Amino acid sequence: MCGIFGYVGTRRNAGEIVVEGLKRLEYRGYDSWGVACKEQNGSVSVNKDIGRIGTVDGSGFCQDCALAVAHTRWATHGGVTQLNAHPHLSCDGTIAVVHNGIVENYLEIKRELKAKGHTFLSETDTEVIPHLIEEKYKETGDFAAAVRTACLHFTGRYAVLALHTESNTLVAARTGSPLIVGVEREGLENRATEIGKSQVPSPACPAKLGERNRESRVPHQSYFIASDIPAFLPFTKTVQYLDDGEMVVTDGHSIIFSDIETGEERPKREIGITWSVEQAEKGDFDHYMLKEIMDQKESVARAVNQDETQIMTLAQAIRNAQGTFLVGCGTAGKACMAAEYFFSVVAEHHVNFCAASEFKVYHHFLKPASLLIVVSQSGETADVLEAMEVAKRKGSKVLAIVNVEGSTIAREADYTLLIRAGPERAVASTKALTGQLAALLLIAYALGDRLQEGKTLLLETSAQISDMLNPRYVERLSKLAEDMKDREDLYIIGKSWNYPMAMESAIKIQEVSYVHAEGFAGGELKHGPIALIEEGTPCIALMGKDEVQMDILSNAMELKARGAWIIGVSPERFEVFDEWIKVPDAGVAQAIVNIIPIQVLAYFLAVKRGKDPDMPRNLAKSVTVK
Ligand code: F6R
């Protein structure tokens, strides 16, 4: 849930580099931030504060600086204070550490370190890390070895990045939270090619890094170590992924990857990533959320234009499986839930949805012949990774549908399908959801031996979305948000695939505007929730021209009879609607188009209520803790 970024290399403005990178990682956590730089005199300077990094200018943090680490925090242990913000330092001030995740046994380690005379300034679990490394370094004089042995003491899922002034090195280690290295070679052309095709080994390392008193070697290339690629995207598209249980050490001259447990070196290939800097920036839009909603004019088509042989292979895996489970969290979970209907209607095939956080109880159902389909934008969500572990323990195969190429989930699955929505930076997931829905529907069509029909439908839907998201339409939703912005409760109903979309609508509205919103299956209203309806309560009905159209219309009438203000999201107008949000008739793909006006509405509700839709309170983009 936190953002980590570090730099070592030939550039002399490391403070500025990490601060600017941190701004691109701020979606991961934004309650406080901090930077540590190695000064010319060898000391460490630290700047940190509570709140967002916003317009902070890192160029003044240190002069002529080539080694720095930085962090944007989403608090878990210890409140949001300046002292609790990372980086944390060792007693002698030569080691600075930033950290994502949780050191579960920190209290015990802290007790032992205090007994040895270490002083602690914060309430965080993180602060034990620099002190334990310092203790280990006293024993060996080898910084990388000190980090490794310290890591062997920690329990929990984490990513750690440590800076050491004496050896001028960065050492990073991960056991659950993502870490990616960006490689920028001076004067050499970028040697990596498309993902999966490159096999460029890391430069050989002539000597162990991090040894005490060795002569500092002059960096001849730049290495960036970050929680996510956008941090270093302006500098390089050549990346190396750390896998769980691995660590990396670099001094800007060489780089070594190794196994934390055994200390053995690990060969690591370089991969060229395809995202562009422009895709990751918000351009002329006020917020990433609106930009990403608009990206759906193209992103749905990218999810659909997949290699057909691969789609048929995935469909075959589902056909052959004895039991298929679909898991995801939050918005991605709603895509999975909608897919239950897709597989039923399009392929007459039974699949089971389960929220990833609940899945471990389902292990009794799993067999080696079972299939787990996991859906995740980030590819790093802890609950999804846990579901994968559960399935793997039972020998079941895992198919991952992800957005972030090279993410942990993408790499650990048996089959991976990328939805290629491009970087999603706003905390609220929008274009990833429609990409996930499109990919799942395409697979359902392939399973029903109607791949071309599905592809045609989805590409037509993509064109309809492009037409729909015109300025007049967006303006109309902005006006509706203005009329709604002071209401504190809002309900959304749907049936069939519009039921998970009603739940997703509620998530979108809750998380960015803080309006109390709930999504229901229309038919469930009369079993309880209808008691909530008062004169003027806004209720949104999501509809399509389908076999359940009349059912949901009846539910809307039941609400209207109790005084509700009915907003119909539907291809057709009905008398019961007080407001009609017209959507194209997309047939089986209706869920994909129906959610889009709600995303726009949620965005404007947030803006008109004075909230920042990109960084909602209490939330972070990538949930790497359980
Ligand atoms: C809501 C939202 C979250 C994510 C959920 C799963 O807008 O973004 O509910 O969908 O945290 O994240 P991923 O898809 O990265 O696994």
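FYI, the numbering just counts along the sequence from 1. Since the structure is predicted, the reported quantities are computational estimates derived from the model, not experimental observations. Atoms within each ligand, like the ligands themselves, are counted from 1 in listed order.
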query = Side chains of L459 and N305: closer than 4.5 Å at any heavy-atom pair?
reply = yes

note = Near G330 (heavy-atom distance under 4.0 Å), the atoms of ligand 1 are 9 (O)

inquiry  = Nearest 0.5 angstrom please: M484 CE to E482 CD, how far?
reply    = 12.0 Å

query = Are the aromatic ring centres of H350 and F343 under 6.0 angstrom apart?
reply = no

task = Considering the heavy atoms of K508, write down every atom of ligand 1 situated less than 4.0 Å from one of them.
result = 1 (C), 7 (O)

request  = Distance to 0.1 Å, residue and atom name: give those for the protein heavy atom nearest to atom 15 (O) of ligand 1.
outcome  = S378 OG, 2.6 Å

For atom 7 (O) of ligand 1, closest protein heavy-atom neighbour = E511 OE2, 2.4 Å

task = Give the residue and atom name of whichever protein heavy atom lies nearest to atom 14 (O) of ligand 1, and the separation in Å to one decimal.
result = Q377 N, 2.6 Å

ask   = In the protein, which heavy atom is nearest to atom 6 (C) of ligand 1, and how far is it?
value = C329 O, 3.3 Å

query = How close does the nearest protein non-hydrogen atom get to atom 16 (O) of ligand 1, and which residue and atom is it?
reply = T381 OG1, 2.5 Å

message = Could you check whether E424 pairs with K431 (Lys NZ or Arg NE/NH1/NH2 to Asp/Glu carboxylate O, under 4.0 Å)?
response = no

ask   = Salt bridge check: are E579 and R476 linked by an N-O gap of less than 4.0 Å?
value = yes

ask   = What residue and heavy atom of the protein are closest to atom 11 (O) of ligand 1, and at what distance?
value = V623 CG2, 4.0 Å

task = Return yes or no for this condition: an N or O of Q436 is under 3.5 Å from an N or O of ligand 1.
result = no

ask   = At what distance is the nearest protein heavy atom to atom 3 (C) of ligand 1, and which residue and atom is it?
value = T331 N, 4.0 Å

inquiry  = I'd like to know if N403 contacts ligand 1, where contact means a heavy-atom distance under 4.0 Å to any ligand atom.
reply    = no

message = Checking contacts here: is it the side chain or the backbone of E380 that comes within 4.0 Å of ligand 1, counting heavy atoms only? Could be both or neither.
response = neither

inquiry  = Under a 4.0 angstrom heavy-atom cut-off, which atoms of ligand 1 come close to A332?
reply    = 10 (O), 14 (O)

Hey, can you pull the donor-acceptor pairs under 3.5 Å for the side chains in residues 387-402, sequence neighbours left out?
residue: K392; atom: NZ; partner: E412; partner atom: O; Å: 2.3
residue: K394; atom: NZ; partner: H363; partner atom: O; Å: 3.3
residue: S396; atom: OG; partner: K367; partner atom: O; Å: 2.7

task = Could you tell me whether K23 and E20 make a salt bridge, using a distance below 4.0 angstrom between a side-chain N and a carboxylate O?
result = yes

ask   = Do R609 and E488 sit within salt-bridge range, that is, some charged N less than 4.0 Å from a carboxylate O?
value = yes

ask   = Is ligand 1 under 4.0 Å from a heavy atom in the side chain of L433, in the backbone, in both, or in neither?
value = neither

query = Any chance the side chains of H287 and Y603 put a donor and an acceptor closer than 3.5 Å?
reply = yes

ask   = What atoms in ligand 1 come closer than 4.0 Å to a heavy atom of A428?
value = 7 (O)

message = Strictly below 4.0 Å, N to O, side chains only: are D614 and R425 in salt-bridge contact?
response = no

key: Heteroatom proximity flag, G379 to ligand 1, N/O under 3.5 Å   = no

